[in-house]
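Notes follow the structure.
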Amino acid sequence: MKKYNHKKIEKKWQKEWQESGIYRTEENSKKPKSYVLDMFPYPSGDGLHVGHVEGYTATDIYSRYQRMMGKSVLHPIGWDAFGLPAENYAIKTGVHPAETAAKAIETFTSQMKGLALSYDWEREIGTHTTEYYKWTQWFFLLLHKNNLAEKKEASVNWCPSCQTVLANEQVVDGLCERCKTEVVQKRLNQWFFKTTAYAEELYKDLDDVDWPESTKAAQRNWIGPSEGAEIEFTVYSEQFTGAIRVFTTRPDTLFGATYLVLSPEHPLVSELSRYAENSAEIPRYQDISARKTEIERTAEGKKKTGVEIIGVKAINPATKEEIPVYIADYVLAHYGTGAIMAVPAHDTRDFEFAMQYDLPVRQVISPRKDPEKDAERQGKGDVYTGEGVLINSGEFDGMESGEAKRTITEHVGGTWKTTYKLRDWLISRQRYWGAPIPIVYDPEGKPHPIPEKHLPWLLPTDVEFKPHGTSPLAQSKELLGRTENIFGAGWRPEADTMDTFVCSSWYFFRFVDPHNKKVFASKKEIEKWLPVDLYMGGAEHTVLHLLYARFFTKVLHQLGYIPFHEPFLKLRHQGTILGEDGRKMSKSIGNVVNPDEVSSMYGADTIRIYEMFMGPLEGMKPWNTQNIMGSRRFIEKVWRMQEKVVSSAKADDSLMRVLHATIKKIEDDIVSLSLNTAISQLMICANEMDTRGQIPADVFEVFLKILAPFAPHVTEELWHALGHEDSIHAQSWPQYDESKLAADIITIAVQVGGKVRAQLEINTGAEREVVESEARALEQVQKWLDGKEPKKVVFVPNRLINFVV
Ligand code: ANZ
């Protein structure tokens, strides 16, 4: 027998599969479809890491199984290639990001092919290609046309030394990640997508998808619905009367509202300050606030600041008392109505502010248990934020706060409503390596969408990467010339590019029709393939990417482009693979495992099996080099078994039972992605075959077929060694025979000292030795034996085993 030489076998079959195109998506097939999608990677210069291998292998096994089950499978891959690392590298070295990307993509491709990932390479896409970003720009225009893209002023993180805007992730402890300069807030005019228009659907429709509960919870939390009331307060000065609406979750505390606060950005502030006696102070305060981050503004315990609008007063609609009006930056512009009624007795931040500015504190809620004692605490600096019974609230005294919320809201003519924490999505980036925003400005500075016929609106190449305080695109002579040529003298191009999350918000649509030149994807292909049946990727994308992709889907659904409203029916996350030392893999620690090295030393089949066998897919697990040998030995054992294969041999009953039980278990486990337990069952089945002097060829063939999704190369080689000419991956999945299973497994009682301590599932008629050793391995048995050797072991076949102590 030839020695198992993974290098030779794997290269040979990869070449063969590529040439025969067996993983090409079937066009116009009548079979049921399955769209199995991996989160497409950012092609980084470091190449694939073992975490990629984990998720990609899992979906590959799933896809291969689906094909063998007679499904028509779409399993594509592409590149999320725009983004910061390539641009930062360009700033450092001058190498154009396109060049860096091309090289990385080449590496990723060859690594993926080397792992036998069964992608349809003819559908490969890259977000940085003109064919792709033409449609990213088209989506921008679609949103713009439907009033879902708008330009407004916003605070951004600004590094004064790099002269550029930073993403939140690039700000570490308040410092610029690159140069360690202190980051400041700067107000810039930016483009936003109105995700808030879909807050309710984004929240509710999470009920309709099969996603990990923790991911749904994270999204729900991010969207953050909050039920409360909007209540109107009259504001006035000598020359002016108006109204301010506040949002409150505690309208029951209205009688305790002793002042009103507007966020410094509130649209009414500039008007009110005209009537203020201290009108010069107000813009100064607005300026200071604009420089602070949201965390600085709102954290409890931070010193609260604000400025009273002197000369302007408000009326508490419940008490009819006159109360002062402040601007203070602990109130945020984009939440609720951007204005609050302050109840210092029952809200910690209001209390801190009231102490600072010596404002009255009036308790209006008393904890139910001990109203008297609580009344004593009033004014002593104790904030009671819970629910209770109303006091100091006129006709509502004695009412439970829960009931009072609605009653008081009605009493003052307020409206009950749900407010969401979700913000609009800021998509402008003062960056080079992204899709240009398809907007031009007329000589008056008014924005105009670029007509579709000019798409793709190309990313210019005549730029310097080093930031100079403006977007790199602003320096491009070519872009300016192009704009003036098309639109006229004095017209200016938008110099910002889009957040790369925009590119990845719609890529799963493109895969269904990647070469279409007329539309982002045809209706026919969309209806045939989408929504995605299984989506796999890291848990770091629980919020942003998944939310944005859902937002795009909701927009397309509402505009009638697609017939469904959720893009990913079933979502799973692969867990993090830690270094051998149990710590997160990191270059600086030096515990990063390179999958190429493992694969070259032991083989792609081995690394696939090993990574799937490490533990539950979604779990966190440390790498273990020694265990790789175990996976390799399993493959070698299967390889050696070909020597014992005899076509005339007949399988005995117990071998048939194990074989059919294995088929069933592998099916169940692949569907539920319990791939580690699938592999242990394959090992059990291999051991069972190996105990026979001869292995019937038909049994071995079935075994190879069910092993094929996991170890595609070695199974293909052995399949051909048995005389087959077609590919094992084009075979149908073997059917298990229920009748062979029925009598198979029985449950027997396991006793320690005459008491039933566990149950054991075994094959009917299992021998004493087998049952005893399996029973001894049970946790419960070990616990009750407590390290002692039983006096004797009583065994009743098919009934019980008793360890007498
Ligand atoms: C009066 C009040 C009394 C409040 C009380 C709380 C306790 P969640 O639960 O997060 O939705 N608020 C409203 N808009 C705000 C804004 N733009 N910036 C900062 N704070 C704002 O919080 C809702 C509560 O947060 C609201 O209810 C309001 O304070 C404050 F005993 O109104 B409350």
Side-chain angles (χ1 to χ4, degrees), residues 155 196 199-200 203 220-233 244-269 289 292-300 302 304-306 314 316-319 323 325-354 359-367 374 377-378 382-393 396 400-402 404-406 408-409 412 414-424:
S155 268
T196 52
E200 191 180 339
Y203 186 79
R220 288 197 180 108
N221 191 35
W222 185 264
I223 299 165
S226 175
E227 285 214 20
E230 271 189 25
I231 294 177
E232 196 168 284
F233 283 64
I244 289 175
R245 290 180 84 75
V246 304
F247 172 72
T248 174
T249 46
R250 296 296 304 270
D252 52 315
T253 64
L254 180 56
F255 283 80
T258 52
Y259 60 96
L260 215 60
V261 188
L262 274 63
S263 78
E265 300 85 1
H266 194 287
L268 261 184
V269 172
S289 313
K292 293 193 207 162
T293 64
E294 201 162 290
I295 295 169
E296 284 172 76
R297 287 172 56 153
T298 55
E300 265 179 34
K302 280 244 174 211
K304 299 281 170 295
T305 60
N316 180 323
T319 63
I323 57 174
V325 180
Y326 281 79
I327 62 169
D329 58 18
Y330 76 99
V331 175
L332 302 172
H334 300 288
Y335 187 57
T337 60
I340 65 154
M341 62 181 215
V343 185
H346 303 291
D347 181 285
T348 314
R349 286 186 233 152
D350 295 344
F351 183 80
E352 289 164 0
F353 189 84
L359 290 156
V361 178
R362 180 186 302 147
Q363 196 189 6
V364 290
I365 304 290
S366 167
D374 204 70
R377 288 205 313 228
Q378 187 181 351
D382 223 345
V383 181
Y384 176 66
T385 56
E387 309 260 321
V389 177
L390 268 65
I391 54 172
N392 298 325
S393 297
F396 303 100
E400 291 280 331
S401 51
K405 283 183 186 171
R406 297 236 180 205
I408 292 186
T409 302
V412 297
T415 43
W416 195 256
K417 67 176 282 179
T418 307
T419 288
Y420 294 90
K421 293 221 164 57
L422 184 69
R423 300 290 180 77
D424 284 336

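Atoms within each ligand, like the ligands themselves, are counted from 1 in listed order.
For the atom pair Leu390 CG and Asn392 CG, the distance stands at 9.5 Å (nearest 0.5 Å). Rounding to the nearest 0.5 Å places OG1 of Thr196 at 11.5 Å from CD1 of Ile223. Here the OG1 atom belonging to Thr248 is positioned 8.5 Å from the NZ atom belonging to Lys405, to the nearest 0.5 angstrom. Rounding to the nearest 0.5 Å places CD1 of Ile340 at 12.5 Å from OH of Tyr326.
Between Met341 and Leu260, the closest heavy-atom pair is CA-CD1, 3.9 Å.
Ligand 1 places these atoms under 4.0 Å from at least one heavy atom of Phe247: 13 (C), 26 (C), 28 (C). Distances below 4.0 Å separate heavy atoms of Ser226 from the following atoms of ligand 1: 8 (P), 9 (O), 11 (O). Those atoms of ligand 1 with a heavy atom of Thr253 less than 4.0 angstrom away are 3 (C), 31 (F). Taking every non-hydrogen atom of Met341 and a distance limit under 4.0 Å, the qualifying atoms of ligand 1 come out as 1 (C), 32 (O). Close contacts between ligand 1 and Val331 involve ligand atoms 16 (C), 17 (N), 18 (N), 19 (C) [criterion: under 4.0 Å to a heavy atom]. Near His346, meaning under 4.0 Å from any of its heavy atoms, are these atoms of ligand 1: 5 (C), 7 (C), 31 (F).
Contact analysis puts Lys421 in contact with ligand 1, with a non-hydrogen atom separation below 4.0 angstrom.
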- Could you go step by step and tell me if Arg250 and Asp252 meet the salt bridge (charged side-chain N to carboxylate O under 4.0 Å, His left out) rule? CA-CA 5 Å; Arg250 296 296 304 270; Asp252 52 315; 2.9 Å; yes

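Heavy atoms from both the backbone and the side chain of Thr249 come within less than 4.0 Å of ligand 1. Here Val343 has side-chain heavy atoms under 4.0 Å from ligand 1, and that is the only part of it that gets that close.
Side-chain atoms of Thr258 and Val361, non-hydrogen and from C-beta on, never get closer than 4.5 Å to each other. In this structure, the side chains of Thr348 and Glu352 come closer than 4.5 Å at one or more pairs of heavy atoms.
The aromatic rings of Tyr330 and Phe353 sit tilted relative to each other, their planes meeting at an angle between 30° and 60°.
Among protein heavy atoms, the minimum distance from atom 19 (C) of ligand 1 is reached at Tyr330 O, 3.5 Å.
Distances from atom 17 (N) of ligand 1 to the protein include at least one heavy-atom value under 4.0 Å.
Here the side chain of His346 pairs a donor or acceptor atom with the backbone of Tyr384 at under 3.5 angstrom.
In terms of polar-atom proximity, Tyr335 is counted as a contact of ligand 1, with an N or O under 3.5 Å from an N or O of the ligand. Of the N or O atoms in Leu332, one or more lie within a sub-3.5 Å distance of an N or O in ligand 1. At least one N/O-N/O distance between Thr248 and ligand 1 falls below 3.5 Å.
Of the listed residues (Ile340, Asp347, Asp329), the one carrying the non-hydrogen atom nearest atom 4 (C) of ligand 1 is Asp347.
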